[in-house]
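One structure follows; several queries about it will come next.
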Protein chains: 2
Amino acid sequence: MNDSDGGAGRAARSKRADARRNEETLLDAAAAVFVASGVEAPVRDIAAKAGVGVGTIYRHFPTRADLIIAVYRHQVEACAEAGPALLASSATPHAALGQWINLFVDFLVTKHGLAAVLQSDNAGFETLHAYFLDRLVPVCTQLLDAAVDSGEIRSDVEAIQLMRGVGNLCIGAEHNPHYDARRLVELLIAGLRLPPG
Amino acid sequence: MNDSDGGAGRAARSKRADARRNEETLLDAAAAVFVASGVEAPVRDIAAKAGVGVGTIYRHFPTRADLIIAVYRHQVEACAEAGPALLASSATPHAALGQWINLFVDFLVTKHGLAAVLQSDNAGFETLHAYFLDRLVPVCTQLLDAAVDSGEIRSDVEAIQLMRGVGNLCIGAEHNPHYDARRLVELLIAGLRLPPG
DNA sequence: AACGATACGGAACGTTGTTCCGCTTTACAA
DNA sequence: TTGTAAAGCGGAACAACGTTCCGTATCGTT
């Protein structure tokens, strides 16, 4: 019923070419800086990398969360879409759940600082929270439900809870020899199994 | 037997009375502010609450970590000392481990923001890291070893790893209706059990 | 009382996020 | 091609924070 264009007849003129170019540049710069310095890198660093003023960043991406979302949207979408695919192709729902969680963990662990930001109660990251949750919780719910139905796991854990837990376990997982997030997540998933008896 | 003086003959003159008073005041103020606003509350807030300049805080506690340690030292010590006691009084080592972890979780969850700070890779919290690890990891190791020896749990998880995982799971656990850190920690501990077969 | 050591307060500095506004560039029409 | 309003831009400016520094006040001792 609405969007910036609508399509009716209003012609809502498309963005200026320089603006479109800048947005592109900004996304590339942000991606590079995120890799180099983590997602909490100073805004000024990103602006500098892009050869742009900080104002330009805020015009295109009102909050840092919007920028992060834009940078990682493709990968989040891919992860979301992998859920049903895994469910269809795996031997058991539990196996599918495990593989999907692995995908999620790999994503978080390779994005320096993302997991931390994801759990931050800092207002301004609400958009990021909402996006991740909206996109991934339903997928996780589907996998979880399937595994419950097949009698493989306990039924008293909600997807949102599990995902927050997994996200938390991924915090600070980069280059820390004494911490292996993947291992701990495996333990958590193992703990989901129905207790014997 | 002694006071801050080492005892030899050096006379290392004791602190001035106002300094001692201020340190006391500061600890009380910090504790109050930590409860009200979390452990990441602005230094200026603590100074104001204590009726003191910020310089005074930094003179007594060179880093924020030192202040946090001073405020919570008693409780960390209590937790550490509870380990062997639980091991002695519990039915099985695994039960002792579970109860001890519960103690640890309760401590973290009730100290607003502590868990987050504990995992922060921010330099300046190194002292805090070191203190918690030095004090608690050996205790956890003892419990873990006992449970391994009794054949209750897998043997390939180190204490430091487990504690970091538990600490991470406690992040953001305050007043969040969709997140129950205790539950997830239970799952993690359950995942420690030897797989059937 | 006087004096040196100790401790204090808070201004000042550096680093961040975020806003704001004067100037530039663009797109379009004449 | 040229003129013009709208769109966009850069970066100065502001606010909030941690941290340092130093002139001044206080303490303990002589």
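Computation of the quantities below employed the complete heavy-atom set of this structure, encompassing side-chain atoms and omitting hydrogens, waters and symmetry-equivalent molecules.
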Original post:
Atom CG of B:D180 and atom CZ of A:R164: how far apart are they, to the nearest 0.5 Å?
Top reply: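 Going from CG on B:D180 over to CZ on A:R164, the span is 11.5 Å.
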Subject >> B:W100 (side chain) donor-acceptor with B:C79 (main chain) under 3.5 angstrom >> reply: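 Yes, B:W100 side chain to B:C79 backbone: donor-acceptor pair under 3.5 Å.
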Original post:
Are A:L97 and B:L188 connected in a single hydrophobic cluster, I mean Ile/Leu/Val/Met/Phe/Trp/Tyr linked by side-chain heavy atoms less than 4.5 Å apart?
Top reply: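 Linked, B:L188 and A:L97 end up in one cluster.
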**OP:** May I have the distance from A:K15 (atom NZ) to D:dC9 (atom C1'), rounded to whole angstrom?
**Re:**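 Computing the A:K15:NZ to D:dC9:C1' distance gives 14 Å.
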Subject >> Aromatic A:Y58 / basic A:R64 pairing, under 6.0 angstrom, 45° off normal >> reply: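 No, A:R64 does not sit over the ring of A:Y58.
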Subject >> Value in whole Å for how far the P atom of D:dG10 lies from CD1 of A:I57 >> reply: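 To the nearest whole Å, that distance equals 10 Å.
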**OP:** Nearest whole angstrom, please: distance from the P of C:dT15 to the CG of A:D45.
**Re:**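 Answer to the nearest Å: 11 Å.
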Subject >> d(CD, A:E40; P, C:dT18) in whole Å >> reply: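 Distance, rounded to whole Å: 12 Å.
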Original post:
Going by heavy atoms in the side chains, are B:Q142 and B:L87 under 4.5 Å from each other?
Top reply: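 Touching, per the 4.5 Å side-chain cut-off.
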**OP:** Please report, rounded to the nearest Å, how far the P atom of D:dG28 is from the CZ atom of B:R20.
**Re:**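 Going from CZ in B:R20 over to P in D:dG28 covers 8 Å.
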Subject >> Value rounded to 0.5 Å, distance of CG in B:L67 from CG in B:L26 >> reply: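 Rounded to the nearest 0.5 Å, the CG-CG separation comes out at 6.5 Å.
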Original post:
So does A:N22 get a side-chain nitrogen or oxygen closer than 4.0 Å to the phosphate oxygens (OP1/OP2) of D:dC9?
Top reply: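 For D:dC9, OP1 or OP2 has a side-chain N or O of A:N22 closer than 4.0 Å.
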**OP:** Give the B/S/- string for nucleotides 21-26 of chain D, one per nucleotide from 5' to 3', where a protein heavy atom under 4.0 Å of the base yields B, of only the sugar-phosphate yields S, and otherwise -.
**Re:** B----B
Original post:
Checking all strands, does B:A17 fall into the base, sugar-phosphate, or nothing category for heavy-atom contacts under 4.0 angstrom?
Top reply: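 Result for B:A17 = sugar-phosphate.
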Subject >> Selected nucleotide, minimal atom distance to A:V43 side chain, candidates C:dG17, D:dG8, D:dG10 >> reply: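 So the nucleotide nearest the side chain must be C:dG17.
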Original post:
Just checking A:A50: base, sugar-phosphate only, or nothing, at a heavy-atom cut-off of under 4.0 Å?
Top reply: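 Answer is nothing: A:A50 stays at 4.0 Å or more from every strand.
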Original post:
In whole angstrom, what separates A:L26's CG from D:dG8's P?
Top reply: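 Answer to the nearest Å: 14 Å.
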**OP:** Could you work out which one of D:dG8, C:dA27, C:dG17 sits closest to the side chain of A:P42?
**Re:**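 Among D:dG8, C:dA27, C:dG17, the one nearest the side chain of A:P42 is C:dG17.
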**OP:** Could you check whether the rings of B:F107 and B:Y72 sit parallel, tilted or perpendicular, using 30° and 60° as the cut-offs?
**Re:**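 The arrangement is perpendicular - the two ring planes meet at more than 60°.
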Original post:
Which whole-number value in Å describes the distance from A:H60 NE2 to D:dA7 C1'?
Top reply: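 Whole-Å distance recorded here is 10 Å.
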**OP:** Answer with base, sugar-phosphate or nothing: what part of the nucleic acid does A:R44 contact at a heavy-atom distance below 4.0 Å?
**Re:**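 Answer is base: heavy atoms of A:R44 come under 4.0 Å of a base.
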**OP:** Map B:T56 and A:A41 onto DNA chain C by nearest heavy atom, then report which one ends up closer to the 5' terminus.
**Re:**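 It is B:T56, whose closest nucleotide lies nearer the 5' terminus.
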